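For reference, the structure is listed below as structure tokens.
These values consider heavy atoms only, across backbone and side chains, with no hydrogens, waters or symmetry-generated copies. Quantities reported herein were computed from a predicted structural model and do not represent experimental measurements.
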Amino acid sequence: MAAEPKRKRALKTLAKTAGVLTTVAFTTAGMPPAAIAAKKAKQVVEVVEAADNTKQILTAGAGLIAAGVAAMKLTSSSGAQDFLEASPHWDQSNIPLNTYKNKSPFTGKVVSTKRIVGPQATGETCHIVIDHNAEFPYWEGQSWGVIPPGNREKDGKPHSVRLYSIASSRYGDDMSGKTGSLCVRRATYWCPELKAEDPAKKGVCSNFLCDTKPGDEIKMTGPAGKVMLMPEEDPTTDYIMVATGTGIAPFRGFVRRLFFEDTPAAKAYKGQAWLFLGVANTDALLYDDEFQDAKSRYPDNFRLDYALSREQENKKGGKMYIQDKVEEYADEIFAKLDAGAHMYFCGLKGMMPGIQDMLAEVCKSKGIDYDEFIKGLKKKGQWHVEVY
């Protein structure tokens with residue numbers, strides 16, 4: 001009979017412990033008090049029913065506590081997807097800006113460096129995840145500066161900072177808020193005389209980044225820029241995103257924020273995000289798996305069009321460049337802009353003359369003054385350009 005009081009005491013202790021864990025977990029998840037009480041009562045009953053002896057009590061109780069801990073981890077994980085939001089989430093009055101400068105840069109550590117293009121791609125592009133230990137916050141559309149190690153040959157001075165658009169949302173690829181990602185193409189120079197790449201003329205910073213290994217340190221500045229931010233106050237806003245090559249970086253952050261995260265911004269969004277990406281061929285596509293996933297899950301809210309210059313032809317029979325693909329939908333795009341859509345451009349600066357010439361021709365065909373049209377978009381904050 002002496003064992004009975006021990007079992008009762010064990011039950012009370014386990015029930016109390018599990019109850020605390022469960023209450024914390026489900027309160028975090030937003031369950032009402034009545035639901036919490038019912039959940040606790042059911043779990044205690046299950047422990048009692050399972051507990052024919054002390055061993056069974058301990059087994060059932062341990063399982064119950066483990067379930068409570070797992071629930072806490074689960075709710076903590078889901079709850080963590082809004083801890084970097086402004087209040088309200090669309091308020092841009094206190095965005096992080098130039099937290100770290102050239103003279104006092106931040107030191108990040110490489111988590112991983114991965115080639116993300118196929119064998120037939122024109123050049124090598126890498127996705128680099130950097131650990132900033134939650135000490136270097138940024139927003140989607142901003143850039144990080146990277147200071148490559150070493151000194152310049154011409155004058156012996158340290159290398160200057162290079163800016164790279166951040167390719168992840170503010171939460172990072174792992175949603176921890178402690179990492180950020182860059183999308184970097186290795187810059188090389190083909191010497192016609194040597195008929196080979198000249199290592200003396202390769203891009204110092206891009207090669208440094210693409211050669212990094214886990215644990216390597218990177219000197220960083222920023223975050224920089226406000227021109228590419230998303231205006232999230234109106235959740236019905238349409239976004240038209242036009243990228244070439246690694247200019248896809250900020251738009252990957254946009255897409256992840258709008259369609260892959262459990263954040264206030266994602267929950268509120270009811271507009272349409274339309275992405276245009278121009279690359280040489282299919283092997284050179286960047287983050288295609290993610291974009292196809294977003295397209296299949298949110299067909300009404302996400303559109304995707306590629307311009308593959310070496311695989312597709314434009315309407316004139318020439319190579320399909322980004323401006324040609326955008327021109328195919330000129331009427332829709334102009335209608336969206338008239339309705340308040342925001343249009344973004346990111347990539348090599350050589351992309352813009354073709355884009356501008358195409359838009360000027362479309363304006364002419366519609367009887368619109370091109371200069372006044374663009375001036376109006378800029379005045380209303382609908383025109384966003386970041387080229388390099």
Side-chain angles (χ1 to χ4, degrees), residues 114-127 164-165 167 181-188 190 197 203 206 210 228 238-256 258-259 272-299 301-334 336 343-362 384-388:
K114 179 182 178 182
R115 177 188 171 104
I116 55 171
V117 291
Q120 300 304 314
T122 52
E124 180 182 16
T125 301
C126 294
H127 182 76
Y164 292 91
S165 297
S181 302
L182 298 179
C183 179
V184 181
R185 175 169 172 167
R186 187 188 295 273
T188 57
W190 179 267
E197 291 182 358
S206 66
C210 290
M228 297 291 282
D238 287 345
Y239 302 115
I240 303 167
M241 304 163 283
V242 183
T244 57
T246 56
I248 195 64
F251 306 137
R252 177 181 183 256
F254 288 12
V255 172
R256 291 180 71 85
L258 295 175
F259 302 113
Q272 185 180 81
W274 192 352
L275 175 62
F276 292 87
L277 172 60
V279 293
N281 54 35
T282 302
D283 267 15
L285 288 172
L286 302 169
Y287 309 112
D288 179 56
D289 54 341
E290 295 183 17
F291 298 144
Q292 296 296 346
D293 186 18
K295 182 179 178 181
S296 65
R297 291 164 58 189
Y298 302 95
N301 302 100
F302 181 67
R303 292 176 67 173
L304 178 65
D305 281 280
Y306 291 142
L308 307 177
S309 61
R310 299 189 182 183
E311 295 179 5
Q312 299 172 338
E313 290 186 354
N314 61 27
K315 64 182 181 181
K316 297 179 182 178
K319 291 183 176 181
M320 177 69 79
Y321 292 111
I322 191 68
Q323 63 266 26
D324 303 314
K325 181 57 67 174
V326 173
E327 185 180 12
E328 290 182 2
Y329 302 96
D331 290 342
E332 272 190 89
I333 289 172
F334 272 65
K336 284 181 175 291
M343 194 163 190
Y344 295 79
F345 301 89
C346 190
L348 293 174
K349 60 184 178 181
M351 72 183 281
M352 289 311 295
I355 291 284
Q356 292 166 328
D357 291 345
M358 178 274 294
L359 291 175
E361 284 298 314
V362 174
H384 310 260
V385 179
E386 185 173 85
V387 292
Y388 41 85

Could you label the plane-to-plane angle of the Y239 and F254 rings as parallel, tilted or perpendicular, counting under 30° as parallel and over 60° as perpendicular? tilted
Is any side-chain heavy atom of [X] closer than 4.5 Å to a side-chain heavy atom of [Y]?
X	Y	answer
T246	Y388	yes
Q323	E361	no
F276	I240	yes
I116	L286	yes
I355	M352	yes
T122	R310	yes
C183	R252	no

Could you tell me which non-hydrogen atom of [X] sits nearest to which non-hydrogen atom of [Y], and how far apart they are?
X	Y	answer
A187	S206	N-OG, 2.9 Å
K336	W274	CE-CE3, 3.9 Å
Y306	K325	O-CE, 3.1 Å
I322	G278	CD1-N, 3.5 Å
A280	A284	N-CB, 4.3 Å
T244	M351	OG1-SD, 3.7 Å

Among R185, K114, R186, the one residue meeting salt bridge (Lys or Arg N to Asp or Glu O under 4.0 Å) with E124: R186
Pick one: which of V117, L308, D288 meets side-chain contact (heavy atoms from CB on, under 4.5 Å) with T282?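 Exactly one option meets the side-chain contact (heavy atoms from CB on, under 4.5 Å) with T282, and it is L308.
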Do the charged groups of E332 and R303 touch, with an N to O distance under 4.0 Å?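 Looking at R303 together with E332, the answer is yes, because their closest N to O distance falls below 4.0 Å.
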With sequence neighbours left out, what residues match F302 under ring pair (Phe, Tyr, Trp, His ring centres under 6.0 Å)?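 For F302, the residues satisfying ring pair (Phe, Tyr, Trp, His ring centres under 6.0 Å) (neighbours in sequence not counted) are F259.
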Check the pair M343 / V326 against side chain to side chain contact (heavy atoms under 4.5 Å, CB included), numbers first and verdict last. CA-CA 12 Å; M343 194 163 190; V326 173; 4.2 Å; yes
